[in-house]
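The structure appears below as structure tokens.
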Number of protein chains: 2
Amino acid sequence: MQDLYSDFHSIFSVDCVIFGFDKGELKILLIERGEEPYMDYLALPGNIVGEDEDLDAAAGRVLNELTGLNNIYMEQLHTFGEVGRHPQGRIITVAYFSLIKVKRHELYPKIPFAKKAEWRTFHDLPKLAFDHSIILEKAYRKLQRKLRYEPIGFELLPDKFTLTQLQQLYEVILEKEIDKRNFRKKILSYGLLTESGEKQKNVSHRAARLYRFNKRRYNSLRKIGFNFEI
Amino acid sequence: MQDLYSDFHSIFSVDCVIFGFDKGELKILLIERGEEPYMDYLALPGNIVGEDEDLDAAAGRVLNELTGLNNIYMEQLHTFGEVGRHPQGRIITVAYFSLIKVKRHELYPKIPFAKKAEWRTFHDLPKLAFDHSIILEKAYRKLQRKLRYEPIGFELLPDKFTLTQLQQLYEVILEKEIDKRNFRKKILSYGLLTESGEKQKNVSHRAARLYRFNKRRYNSLRKIGFNFEI
DNA sequence: GCAAAAGTGTTAACTTTACACCCATGT
DNA sequence: ACATGGGTGTAAAGTTAACACTTTTGC
């Protein structure tokens, strides 16, 4: 090992791409950096991986320190390792990816590395720190792909949601219009939505039914080879 | 940067998962290790990334040094960074993924780190060095997914191939039987295969037509939103 | 009573599936 | 002449796509 390490030293970091959905818009969770380089820039929540820390664990810890979020399941997106990507040296970053419900979580950075953490509208962003705009672009393409083949829209909506909210989510993320009747027919045909029995309140039009996603049913269907697709 | 690096030092490596297809079997390109640890074990071609080397470039260089292959386009698969994955210390590895034509390439390791490089039958492998069996498992799942949604089977076959060869490739990799007439109808309907005009030679049955994959046509169809699926 | 979004069904076009026999070639 | 794999078509079932009006609610 000695000779391996004598060669050259490097660092790896994790960056977290966390998508949300609110008021009909796709959101992304960013921090405002409190340190150089890229002081005051918006950036993905990310930091150095510890010596005795698994990558997945590091992603969870870093996200918690910088945003206050806890126990968020993330999956790996891609590793970015271009020689010049970090101005301070050779830092390779493993990007992680998750979808969460905006309303459910409060945001409060625990270390001054992040001045604040906030939801920003994905379709209206300035240039981010480092190569984070590139990372985000890749994450968005993955989100679009996943949305079509896995029932992940529900991760982004409140527990109870209307079919119109769900349809708007698909339209915003896939960037295309969808026929209302066909959408409802298809999504209901899977039997993955349960009527909550409740309706919208205080809306100045006919109140829509609120549905819940039936995750248990999805898991058992998946075991017998069911493939979601929209 | 100084304080970053004072924290702790780490190493990253790349490992290459190269699939091939020959005599009706899925193949994987492995090396026999010429060094400790895991001396004499079969392993994925992989090694340490250089200080001033992009990850993608490192994957290409390492593959060349260990197998003699050159100019192989690889895409990233996943990064494996569990704390205990390497017996000699904290080594995170970025796995790469490619499909190539077995017959087209000769194999000869250029450095003694690999005693030899050879094609092995994927479905009949011993335990590999390090966590390479896990990496390979993940690569295989990716191969299955990609095969259904991208016309990648052709990367694994000779330039000219019969429809039966192509169908067998799908059957072996997807691990299921496919109806001959329906398969032919569908694959031909895309218009991505060109008849070469030639037929098989020296076969003791009716000689099959040899087809070529029309990559240019695929690229132009893709631009206008075509999605391959089998 | 009006504005706003919810909710609903049918038809035609297309895609998928299931299925069996004759053909060409080498031995 | 036989063994081997090559090559072909149809009909029924299922899926997708296109399309417009009535209902409920708050103001």
Side-chain angles (χ1 to χ4, degrees), chain A residues 21 23-25 147-149 151 153 157-158 160-172 174 176-212 221 224-230, chain B residues 21 23-25 147-149 151 153 157-158 160-172 174 176-212 221 224-230:
Chain A
F21 192 79
K23 302 191 184 71
E25 288 182 330
L147 192 65
R148 302 210 36 228
Y149 300 112
L157 291 175
K160 297 174 200 162
F161 51 86
T162 70
L163 292 182
T164 299
Q165 281 179 301
L166 186 62
Q167 181 177 341
Q168 279 171 354
L169 183 148
Y170 274 88
E171 289 182 331
V172 167
L174 299 181
K176 68 169 187 192
E177 295 204 342
I178 300 174
D179 179 273
K180 182 162 69 158
R181 279 179 289 190
N182 292 338
F183 179 79
R184 285 166 180 243
K185 222 179 310 169
K186 178 142 198 187
I187 204 94
L188 289 173
S189 75
Y190 290 137
L192 293 173
L193 299 187
T194 318
E195 283 193 43
S196 73
E198 295 170 63
K199 295 199 170 186
Q200 284 180 313
K201 293 241 161 72
N202 305 315
V203 287
S204 72
H205 53 75
R206 180 172 174 175
R209 293 202 259 261
L210 292 167
Y211 289 85
R212 254 191 260 272
L221 280 177
I224 57 173
F226 165 77
N227 277 312
F228 181 89
E229 179 170 349
I230 209 103
Chain B
F21 192 80
K23 301 191 185 72
E25 288 182 330
L147 192 66
R148 302 212 35 228
Y149 300 111
L157 291 175
K160 297 174 200 159
F161 51 86
T162 70
L163 292 182
T164 299
Q165 281 179 300
L166 185 62
Q167 180 177 342
Q168 279 170 354
L169 182 148
Y170 275 89
E171 290 182 330
V172 167
L174 299 180
K176 67 170 189 191
E177 295 204 343
I178 300 174
D179 179 272
K180 181 163 68 160
R181 276 180 292 191
N182 292 339
F183 177 80
R184 284 164 182 244
K185 222 181 309 170
K186 177 143 200 187
I187 204 91
L188 289 174
S189 75
Y190 291 136
L192 293 172
L193 299 188
T194 318
E195 284 193 41
S196 73
E198 295 170 62
K199 295 199 169 186
Q200 285 180 313
K201 294 242 161 72
N202 304 316
V203 287
S204 73
H205 53 77
R206 180 172 173 176
R209 292 202 260 260
L210 292 166
Y211 289 86
R212 252 191 264 270
L221 280 176
I224 57 173
F226 165 76
N227 277 311
F228 181 90
E229 178 171 351
I230 206 103

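Here is how names work: the chains are called A, B, and so on, in the same order as the sequence lines, proteins then strands, and each is numbered from 1.
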Under a 3.5 Å distance rule, please check whether B:Glu195 uses its side chain to pair with a backbone N or O of B:Arg209 as donor and acceptor.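 No.
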Measure from [atom1] on [X] to [atom2] on [N] and round the result to the nearest Å.
X: B:Leu166; N: D:dG7; atom1: CG; atom2: C1'; value: 16 Å
X: A:Ile178; N: D:dC19; atom1: CD1; atom2: C1'; value: 17 Å
X: A:Leu188; N: C:dG9; atom1: CG; atom2: C1'; value: 14 Å
X: A:Glu177; N: D:dC19; atom1: CD; atom2: C1'; value: 14 Å
X: A:Asn227; N: D:dT15; atom1: CG; atom2: P; value: 14 Å
X: A:Asn182; N: D:dA20; atom1: CG; atom2: P; value: 13 Å
X: A:Arg206; N: D:dG26; atom1: CZ; atom2: P; value: 13 Å
X: A:Lys180; N: C:dG9; atom1: NZ; atom2: P; value: 13 Å

Under 4.0 angstrom, heavy atoms only, what part of the nucleic acid is [X] near: base, sugar-phosphate, or nothing?
X: B:Thr162; result: nothing
X: B:Asp179; result: base
X: A:Arg209; result: sugar-phosphate

Mutual orientation of the aromatic rings belonging to B:Tyr190 and B:Phe226 [parallel < 30°, tilted 30-60°, perpendicular > 60°]: perpendicular
Shortest non-hydrogen pair, A:Ile187 vs A:Ile230, comes out as CD1-CD1, 3.4 Å
Non-hydrogen atoms of B:Gln165 and B:Thr162 that approach each other most closely: OE1-N, 2.8 Å
If you find the nucleotide of DNA chain C closest to A:Ser204 and the one closest to A:Arg181, which residue's nucleotide is nearer the 5' end?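 Comparing both residues, the 5'-ward one is A:Ser204.
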Is the phosphate of [N] approached by [X] (side-chain N or O, under 4.0 Å from OP1 or OP2)?
X: B:Lys186; N: C:dT16; value: yes
X: A:Thr164; N: C:dA6; value: yes
X: B:Arg184; N: D:dG7; value: yes

Answer with yes or no whether A:Lys199 presents, from its side chain, a donor or acceptor under 3.5 Å of a partner atom in the base of D:dT25.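 Counting by modelled atom types and ignoring angles, no donor-acceptor contact under 3.5 Å is found here.
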Is any side-chain heavy atom of A:Gln167 closer than 4.5 Å to a side-chain heavy atom of A:Leu163? no
